[in-house]
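Have a look at the structure below before the remarks.
We name chains A, B, ... by the order of the sequence lines, and we start the count at 1 in each one. Since the structure is predicted, the reported quantities are computational estimates derived from the model, not experimental observations.
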There are 2 protein chains.
Amino acid sequence: MMISTRGRYALRILVDLAEHCSEEYVTLREIAERQEISEKYLESIVKLLVRAGFLEGLRGKGGGYRLGRRPEEIGVLDVLRLTEGTLAPVACLEEGGRPCARAPHCRTLPLWKGLNDVVTAYLGGFTVRDLMGKAEDGNDYII
Amino acid sequence: MMISTRGRYALRILVDLAEHCSEEYVTLREIAERQEISEKYLESIVKLLVRAGFLEGLRGKGGGYRLGRRPEEIGVLDVLRLTEGTLAPVACLEEGGRPCARAPHCRTLPLWKGLNDVVTAYLGGFTVRDLMGKAEDGNDYII
DNA sequence: TTTAATTCCTTGCTTGACAATAGGAATTAA
DNA sequence: TTAATTCCTATTGTCAAGCAAGGAATTAAA
């Protein structure tokens, strides 16, 4: 499985929050219940999202989380790169990866390069806004 | 990293063999040396390829491996599905996977479905023939 | 018939990432 | 002061990836 739970849950958190942004702050407990994911595990994922600015957290009573940017400004690719570390199909195509000595005559590198491009282009075309459901799906988000 | 060494090495083995098919059978040792991969590890990968018919093995002195089909008849997608198990981005899209209860209203499922389609379409367009190098790259393969 | 060279088969090992849990400190509103 | 939160630092269990070892079966050639 290419995409780990971290990445998948991260997106679900963001969409959930985007769809329930009428309330100022949403508690992690609410999200966890709606998404049927362990609250404790979500915590570790939310931490990443806060650090990256996708989410803002407020402590204390009445606290919770809300989006740090508008849904259409949160790119799916960015979220996945954050949570997955890299989406490159092979090590030699990772951002900070040391170049492979075989690269100049590697037969498979072009294949992986192309795969990387295809995946990046596809995921790069989505934002959290695109993942949000319609009102009849239980979406609170207005306008 | 999406693609494990098993899948990557499997393709390199097949391409290596395709490029050196002038000799009837090629020993695993030769392949391992050319590809700079542990012979023992290659053994476990080659076993899969033989079972699937991509390769034929001949035991004993003078033995080795050769392609079980022509390079243009070996699909990259098929090889990767064999060695990787599945290429589906998430569990709910795996072949024999049990359907997810959240699927009907899952916000992210369409995203993963699309990603799966994009990846499958891309990889499905390649065969081992497409990965083979030109003669000047040290390719023995003639016509 | 023996020997050397191979593929085949089973088994075990090590490591690291993933997935999740636990417990408490810091903060905030009521 | 209290209750409700987010934040922070660990720890644990599980599993697959990536090997390595040793020997059995087979084959060609000396």
remark   = Between its two end axes (five pairs each) the helix from dT1(C)-dA30(D) to dA30(C)-dT1(D) turns, nearest 10 degrees, through 10°
Kindly compute the distance separating [atom1] ([X]) from [atom2] ([Y]), expressed to the nearest 0.5 Å.
{"X": "Ile3(A)", "Y": "Leu115(B)", "atom1": "CD1", "atom2": "CG", "value": "6.0 Å"}
{"X": "Arg12(A)", "Y": "Leu17(A)", "atom1": "CZ", "atom2": "CG", "value": "14.0 Å"}
{"X": "Leu111(B)", "Y": "Phe126(A)", "atom1": "CG", "atom2": "CZ", "value": "5.5 Å"}
{"X": "Asp16(A)", "Y": "Ile37(A)", "atom1": "CG", "atom2": "CD1", "value": "9.0 Å"}

Checking contacts here: which listed nucleotide ([options]) is nearest the side-chain heavy atoms of [X]?
{"X": "Arg29(A)", "options": "dT21(C), dT5(D), dC9(C)", "value": "dT5(D)"}
{"X": "Ser38(A)", "options": "dT6(D), dC19(D), dT21(C)", "value": "dT21(C)"}
{"X": "Ser4(A)", "options": "dT6(D), dC18(C), dA22(C)", "value": "dC18(C)"}
{"X": "Lys40(B)", "options": "dT7(C), dC7(D), dC8(C)", "value": "dC8(C)"}
{"X": "Lys47(B)", "options": "dT10(C), dA19(C), dG23(D)", "value": "dT10(C)"}

Heavy-atom side-chain contact between Phe54(A) and Arg69(A) under 4.5 Å = yes
ask   = How many Å lie between CZ on Arg8(A) and C1' on dC18(C), as a whole number?
value = 11 Å
ask   = Quick one: does Glu73(A)'s side chain have a donor or acceptor within less than 3.5 Å of a partner on Arg70(A)'s backbone?
value = yes
ask   = With no hydrogens and no angle check, is any side-chain donor or acceptor of Glu94(B) less than 3.5 Å from a backbone partner on Ala88(B)?
value = no
task = Run the numbers on Trp112(A) and Thr108(A) for side chain to side chain contact (heavy atoms under 4.5 Å, CB included), then give the verdict.
result = CA-CA 7 Å; Trp112(A) 306 132; Thr108(A) 46; 3.6 Å; yes
request  = For DNA chain D, find the residues of residues 76-83 of chain B with a heavy-atom distance under 4.0 Å and give them by number; none if there aren't any.
outcome  = none
inquiry  = Let's go through Arg6(B) and Glu84(B) carefully: what are the C-alpha distance in whole Å and the side-chain angles of both, what is the deciding distance for salt bridge (charged side-chain N to carboxylate O under 4.0 Å, His left out) to 0.1 Å, and is it a yes or a no?
reply    = CA-CA 7 Å; Arg6(B) 267 217 302 280; Glu84(B) 300 293 303; 5.7 Å; no
N/O-N/O pairs, protein side and nucleotides 13-16 of chain D side, under 3.5 Å:
none

request  = Strictly below 4.0 Å, heavy-atom distances to any atom of DNA chain C: list the hits from residues 50-61 of chain B, or just say none.
outcome  = Gly57(B), Leu58(B), Arg59(B), Gly60(B), Lys61(B)
query = Quick one: is dC7(D) close enough that its OP1 or OP2 comes under 4.0 Å of any side-chain N or O from Tyr65(A)?
reply = yes
task = Can you establish whether the number of heavy atoms outside Arg102(B) located under 6.0 Å from its atom CZ is more than 12?
result = yes
request  = Quickly, which of Leu11(A), Thr127(A), Val79(A), Val15(A) forms a side chain to side chain contact (heavy atoms under 4.5 Å, CB included) with Ile74(A)? Name it, please.
outcome  = Val79(A)
note = Assert: residue with more 5' nearest nucleotide on DNA chain C, out of Gly62(A) and Tyr9(A), is Tyr9(A)
remark   = Hits for side chain to side chain donor-acceptor pair (under 3.5 Å) against Asp78(A), two or more places apart or cross-chain, chain-then-number order -> none
query = Ignoring hydrogens and angles, does a donor from either the side chain of Glu43(B) or the base of dC9(C) sit under 3.5 Å from an acceptor on the other?
reply = yes
key: Sequence neighbours excluded, every pair satisfying side chain to side chain donor-acceptor pair (under 3.5 Å) that has a member inside residues 41-50 of chain A   = Thr5(A)-Tyr41(A), Lys40(A)-Glu43(A)
